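Written below as structure tokens is the structure these notes are about.
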Amino acid sequence: MSAASLPPSPIATVAALINRRHVLGLLAAASILPSRSFANVAPQRSEIREDLARRFTDDGTAGTFVGYKTDDYLLIASDKERSGQAMLPASTFKIPNSLIALETGVVVDPDKDVFKWDGVVRSIEGWNRDHTLRSAIAASAVPVYQEIARRIGAERMQKYVDLLEYGNRDIGGGIDQFWLTGNLRIDPVQQVDFVDRLRRGALPVSKRSQELVRDILPVTKSGDAVIRAKSGLLGAEISKPSLGWLVGWAEKGSAQTVFALNVDCREPRHIADRMKLAQQCLGDIGAI
């Protein structure tokens, strides 16, 4: 599939034209610049909502939330600064890693191909068993995805990270570590853009791979809404969590809102609070 044949991204190109650290504050002004992003969509709008930032301070921590209301072409963020700060993606990289596994044939069937447990007992009990791709993403099983990355290999991994335009595209630091402790970085706006392209089936990989990855994403119900999202936790594999991610989209009726949240895990409860904070912020912007 050629990039020229893909639907335009409402977010990516404009965001690339301006300073990432101030992307939300300047996005409205930047929208007057020539950009393929706006060729076939309504002009994009953006808002900074300080009430969203208070959700994190009220929880005794710091974080950021970015939401993209797709029907309104409206990008909403809790702040100008952290919303554009690039960080390690941790297990949110399991989304592109799954796509790449399917595209390369490392995984053919997400429900039938089995990755055998290596017998190493780890602190997270859900990792200590055999997994399919579907169960591995649900358990956020780092060892399984490290094995997947090794099977993909550095050359193919770099090819697809470039093709997907994922974050800073830097896979330095080890083929099974670059998203955990290595050089890969992505900011919340980039997360929203990537997830939105997956949601729309607009990534430059097969429709089948995108459909399967959308299908295996963990689902949480919130009232009459459904949230499809992947978590990430820096330091989880060494039992020293420091930063938590949650990225995905909410569906309420026909309306869909793509979002990315990250939060400093200052206390153990902040790990569990990721979904609570996401639901609060999504509720605040009328997405759920």
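These figures come from a predicted structure and were not determined experimentally.
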For this session: Of all the heavy-atom pairs spanning P188 and G84, show the shortest one and how long it is.
Result: CD-N, 4.5 Å
For this session: Answer yes or no: is there an ion pair linking E147 with R151, defined by an N-O contact shorter than 4.0 Å?
Result: yes
Exercise. Under 3.5 Å, is there a donor-acceptor pair between the side chain of R274 and the main chain of I271?
Worked result: yes
Problem set entry | Sidechain-backbone polar pair: D273 side chain, K276 backbone, donor-acceptor under 3.5 Å | no
For this session: For D59 and T61, indicate whether the former's side chain and the latter's backbone hold a donor-acceptor pair under 3.5 Å.
Result: no
Exercise. Is there a donor-acceptor pair closer than 3.5 Å between any side-chain N or O of N168 and the backbone N or O of D170?
Worked result: yes
For this session: Give every residue pair that meets the ring-ring contact (aromatic ring centres under 6.0 Å, His included) criterion with at least one member in residues 185-218, sequence neighbours excluded.
Result: Y166-F194
Problem set entry | Non-hydrogen atoms of A250 and I288 that approach each other most closely | CB-CG2, 3.8 Å
Exercise. Tell me, do P143 and V120 make a side-chain contact under 4.5 Å, heavy atoms counted?
Worked result: no
Exercise. Going from CD1 on I285 to CD1 on I76, what distance comes out if it is rounded to the nearest 0.5 angstrom?
Worked result: 4.5 Å
Exercise. How long is the span from the CG atom in L184 to the CG atom in L88, to the nearest 0.5 Å?
Worked result: 7.0 Å
For this session: Measure the spacing between CD1 of I137 and OG1 of T132 and express it to the nearest 0.5 Å.
Result: 10.5 Å
Exercise. Transitively linked via ILVMFWY side-chain contacts under 4.5 Å: L233 with V142?
Worked result: no
Exercise. Can you tell me if D113 uses its side chain to pair, donor with acceptor, with the backbone of V107 under 3.5 Å?
Worked result: no
For this session: Using a 4.5 Å cut-off on heavy atoms from C-beta on, say whether the side chain of R156 contacts that of V106.
Result: yes
For this session: Taking all non-hydrogen atoms of both residues into account, name the closest pair between V144 and A136 and its distance.
Result: CG1-CB, 3.8 Å
Exercise. So, T104 side chain and I100 main chain: donor-acceptor pair closer than 3.5 Å or not?
Worked result: yes
For this session: Please identify each residue that fulfils ring-ring contact (aromatic ring centres under 6.0 Å, His included) with F56, with sequence neighbours left out.
Result: none
For this session: Any chance you could lay out the side-chain contact (heavy atoms from CB on, under 4.5 Å) test for V205 and Y160, step after step, and finish with the verdict?
Result: CA-CA 9 Å; V205 294; Y160 279 99; 4.2 Å; yes
Problem set entry | Common cluster, L133/W117, ILVMFWY with side-chain heavy-atom separation under 4.5 Å | no
Exercise. For G63, does its backbone N or O pair with a side-chain atom of R55 as donor and acceptor, under 3.5 Å?
Worked result: no
Exercise. Taking only residues two or more places apart in sequence, or in another chain, which ones meet D51 in a salt bridge (charged side-chain N to carboxylate O under 4.0 Å, His left out)?
Worked result: R49
Seminar exercise, completed: Looking only at heavy atoms, the pair that brings Y145 and S98 closest together is OH-OG, 2.8 Å
Problem set entry | Check: Q280/D284 side-chain N/O donor and acceptor closer than 3.5 Å | no
Exercise. Can L243 be reached from I124 by stepping across I, L, V, M, F, W or Y side chains whose heavy atoms are under 4.5 Å apart?
Worked result: yes
Problem set entry | Residue pair T70, Q256: steps toward the side-chain hydrogen bond (donor to acceptor under 3.5 Å, both in side chains) verdict | CA-CA 6 Å; T70 63; Q256 299 192 8; 5.6 Å; no
Exercise. What pairs of residues pass the ring-ring contact (aromatic ring centres under 6.0 Å, His included) test when at least one of them lies in residues 223-281, not counting sequence neighbours?
Worked result: none
Seminar exercise, completed: Result for side-chain contact (heavy atoms from CB on, under 4.5 Å) between V258 and one of V192, D193, L198, V66 points to V192
For this session: Please examine the side chains of I148 and F115, heavy atoms only from C-beta on, and report whether any two atoms are closer than 4.5 Å.
Result: yes
For residues 222-231, which side-chain N or O atoms pair as donor and acceptor with protein atoms under 3.5 Å away, sequence neighbours left out?
unit_1: R228; atom_1: NE; unit_2: E251; atom_2: OE2; d: 3.1
unit_1: K230; atom_1: NZ; unit_2: S140; atom_2: OG; d: 2.9

For this session: Output the distance between atom CG (D109) and atom CZ (R134), rounded to the nearest 0.5 Å.
Result: 9.0 Å
Problem set entry | Any side-chain heavy-atom pair of P96 and V161 under 4.5 Å | no
For this session: Without swapping roles, check the side chain of D264 against the backbone of R266 for a donor-acceptor pair under 3.5 Å.
Result: no
Exercise. Does some side-chain heavy atom of N97 sit less than 4.5 Å from a side-chain heavy atom of I152?
Worked result: yes
Exercise. Within the side chain of K69, is there an N or O that forms a donor-acceptor pair under 3.5 Å with the backbone of A287?
Worked result: no
Problem set entry | Heavy-atom side-chain contact between N262 and Q191 under 4.5 Å | no
Exercise. How far does CZ of R208 sit from CD of E103, to the nearest 0.5 angstrom?
Worked result: 9.0 Å
Problem set entry | Which atom of A139 lies closest to which atom of G126, heavy atoms considered | CB-O, 4.1 Å
Distance-only check: which donor-acceptor pairs under 3.5 Å involve side-chain atoms of residues 176-183, not counting sequence neighbours?
unit_1: D176; atom_1: OD2; unit_2: R150; atom_2: NH1; d: 2.6
unit_1: Q177; atom_1: OE1; unit_2: T181; atom_2: OG1; d: 3.0

For this session: Check the pair D196, R199 against salt bridge (Lys or Arg N to Asp or Glu O under 4.0 Å), reporting the backbone distance first and the verdict last.
Result: CA-CA 5 Å; D196 184 56; R199 178 192 66 86; 2.8 Å; yes
Seminar exercise, completed: Between A278 and L261, the two heavy atoms sitting closest are N-CD1, 3.6 Å
For this session: Output the distance between atom CG (L217) and atom NZ (K94), rounded to the nearest 0.5 Å.
Result: 12.5 Å
Exercise. With a 4.0 Å cut-off, would you call R54 and D58 a salt bridge?
Worked result: no
Exercise. Taking the side chain from T257 and the backbone from G67, do they hold a donor-acceptor pair closer than 3.5 Å?
Worked result: no
